[in-house]
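To start, the structure itself, in structure tokens.
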2 protein chains.
Amino acid sequence: MEQLFVTSSGQLRQRWMQAFADARAALRVADAVSLAPRDPRILWLDASGLDRTACLERVREAVATGSRVVLMSAVPGEAEAFEALNQGAVGYCHVEAAPSQLREIALVVEHGGLWMLPELVQRLMGLSLRVVPTPAPAHPQLDTLTSRELMVAGRVARGASNQEIAEALDISERTVKAHLSSIFDKLGVRDRVQLALAMNNIPTYTSVN
Amino acid sequence: MEQLFVTSSGQLRQRWMQAFADARAALRVADAVSLAPRDPRILWLDASGLDRTACLERVREAVATGSRVVLMSAVPGEAEAFEALNQGAVGYCHVEAAPSQLREIALVVEHGGLWMLPELVQRLMGLSLRVVPTPAPAHPQLDTLTSRELMVAGRVARGASNQEIAEALDISERTVKAHLSSIFDKLGVRDRVQLALAMNNIPTYTSVN
DNA sequence: AGAGGCATTGGACAAAAGGGCAGGATGTGC
DNA sequence: GCACATCCTGCCCTTTTGTCCAATGCCTCT
């Protein structure tokens, strides 16, 4: 299977060539894909030097090409790993991973597996358990919220007060309340507690009974 | 790597032998492990005919032996998959999986990967995203709460108002407030929103930053 | 009996939260 | 231009939430 590395630095190409004799590199996802039009290919994305948004954007783009995507981070973190995998990546490792490890990862990914740092696997499993009973995805109708409302809702979902939200978004507390009223209305909840729970897909007392 | 199959039926051994020439089978986990005392081994558990509890118990036992564990289910389901993986299994597939697929799975698992049905991977990722920021398991110290406090906290965790809690527990709203103050203090949260989130093991804005 | 924890409540008060009404400022599409 | 949505804000009001100080009764342990 083709091994395509996408990086802006190009510093690490030697290591990669050591892992895969036929590895090729490119600056952008589109370039890499055009190097190997055949479908089964692995795209290795170098996340170093990219902020979270740009990184996720790149993962999404890479996944959309139909490739198996492995994200390589300079500072592997839980949040980044999950976000990447959620975008459709099937691997997450250190950007400085040894050639032998890269080959192992390639092997796993080529055969339909998922590869990530062992401790992250552990963590992922622990997380999923408590969500298991959820029968349906049952996401609230978040798409009915405007972008601003989503920001407010997101912060309430993490326990922020109106004052904190106002400061974070640099708007008045009154505006936060206005957004909240609208959110309550759209999502059919009555207060911030129920909103916080709904945002986390947790059923509410009144909705349960 | 040793391939050890644990099954009570023995009906499917032929298929397994077809996948792995050196496969061996046993009735119980302990027997299987004694067949191959060397550490790197894959234990394939046949879940058919076992109820959920027995099945999970077996997975746990198998994981405890230090083996890579793959659970094979006759009726693969989301909940079962997550529970199994949460117990430490690294694979989950159909018990009737084709020999070629079994070999792929073995390959993935041997190299530190995780293998499960593609649609389950998708689901798993979707779930994990919303829990991502959790920095620690951070179970609230619920044992420090008195029984009455626990009742109140439990209802707040499902979005109830003070008034509703008072009515449900047949006490005055004032008492509910008193309990809440005590709860906030003990759990180190500042208001009912953060309490609701904490009770559901969801990290809080202020604890993250 | 006395100490201490727990559950309960009251009154008073302060701080959030939430909503009604009214307005302004941007956009976008018809 | 006009309608419409979104975003932002003010004033003022009610409700809810949360805290402080104080008190009573019950129970257990010493």
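Every chain is numbered from 1, with letters handed out A, B, ... down the list of sequences.
Of the residues near DNA chain C, B:Glu149 and B:Asp191, the one whose nearest nucleotide (by heavy atom distance) lies more toward the 5' end is B:Glu149.
Among A:Val156, A:Ile183, A:Leu197, the one residue that satisfies the side-chain contact (heavy atoms from CB on, under 4.5 Å) test with A:Arg192 is A:Val156. Checked against B:Val29 for a side-chain contact (heavy atoms from CB on, under 4.5 Å), the options B:Leu45, B:Leu4, B:Val69 give a single hit: B:Leu45.
In this structure, B:Ser181 reaches the D:dT19 phosphate: one of its side-chain N or O atoms is under 4.0 Å from OP1 or OP2. Residue A:Arg148 places at least one side-chain N or O closer than 4.0 Å to OP1 or OP2 of D:dC8. Between B:Arg190 and D:dG18 there is no side-chain polar atom (N or O) within less than 4.0 angstrom of OP1 or OP2. Residue A:Ser172 has a polar side-chain atom (N or O) positioned under 4.0 Å from OP1 or OP2 of D:dG10. For B:Ser147, a side-chain nitrogen or oxygen approaches OP1 or OP2 of C:dA7 to under 4.0 Å. Look at B:Arg192 and you'll find a side-chain N or O under 4.0 angstrom from OP1 or OP2 of D:dT17. Remark: B:Asn162 is not in phosphate contact with D:dT16, judged by side-chain N or O atoms under 4.0 Å from OP1 or OP2.
If you measure from atom CD of B:Glu173 to atom P of D:dT17, you get 7 Å, rounded to the nearest angstrom. Look at CD on B:Glu164: it is 14 Å from C1' on D:dT17, rounded to the nearest Å. Per the geometry, NZ belonging to A:Lys177 stands 18 Å off C1' belonging to D:dC7, to the nearest Å. Atom P of nucleotide D:dT19 and atom CG of B:Leu195 are separated by 11 Å, given to the nearest angstrom. Regarding A:Gln194, its CD atom lies at a distance of 11 Å from the P atom of D:dT17, rounded to whole Å. Straight-line distance from the CE atom of B:Met151 to the P atom of C:dC6: 14 Å, rounded to whole Å. When the C1' atom of C:dA7 is taken as reference, atom CG of B:Asp170 falls 13 Å away, rounded to whole Å. Per the geometry, CD belonging to A:Gln163 stands 19 Å off P belonging to C:dA14, to the nearest Å.
Contacts of A:Arg174 with the nucleic acid, taken as non-hydrogen atoms under 4.0 Å apart, include base atoms. Base contact: B:Thr175 has a heavy atom under 4.0 Å from a base atom.
Using a 4.5 Å heavy-atom threshold, the side chains of A:Met72 and A:Phe5 count as touching.
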Intermediate values then yes/no, salt bridge (Lys or Arg N to Asp or Glu O under 4.0 Å), B:Arg190 and A:Glu164: CA-CA 13 Å; B:Arg190 69 169 179 219; A:Glu164 286 168 344; 2.7 Å; yes

Step-by-step salt bridge (Lys or Arg N to Asp or Glu O under 4.0 Å) determination, B:Glu110 to B:Arg68: CA-CA 8 Å; B:Glu110 277 174 19; B:Arg68 316 266 175 128; over 6 Å; no

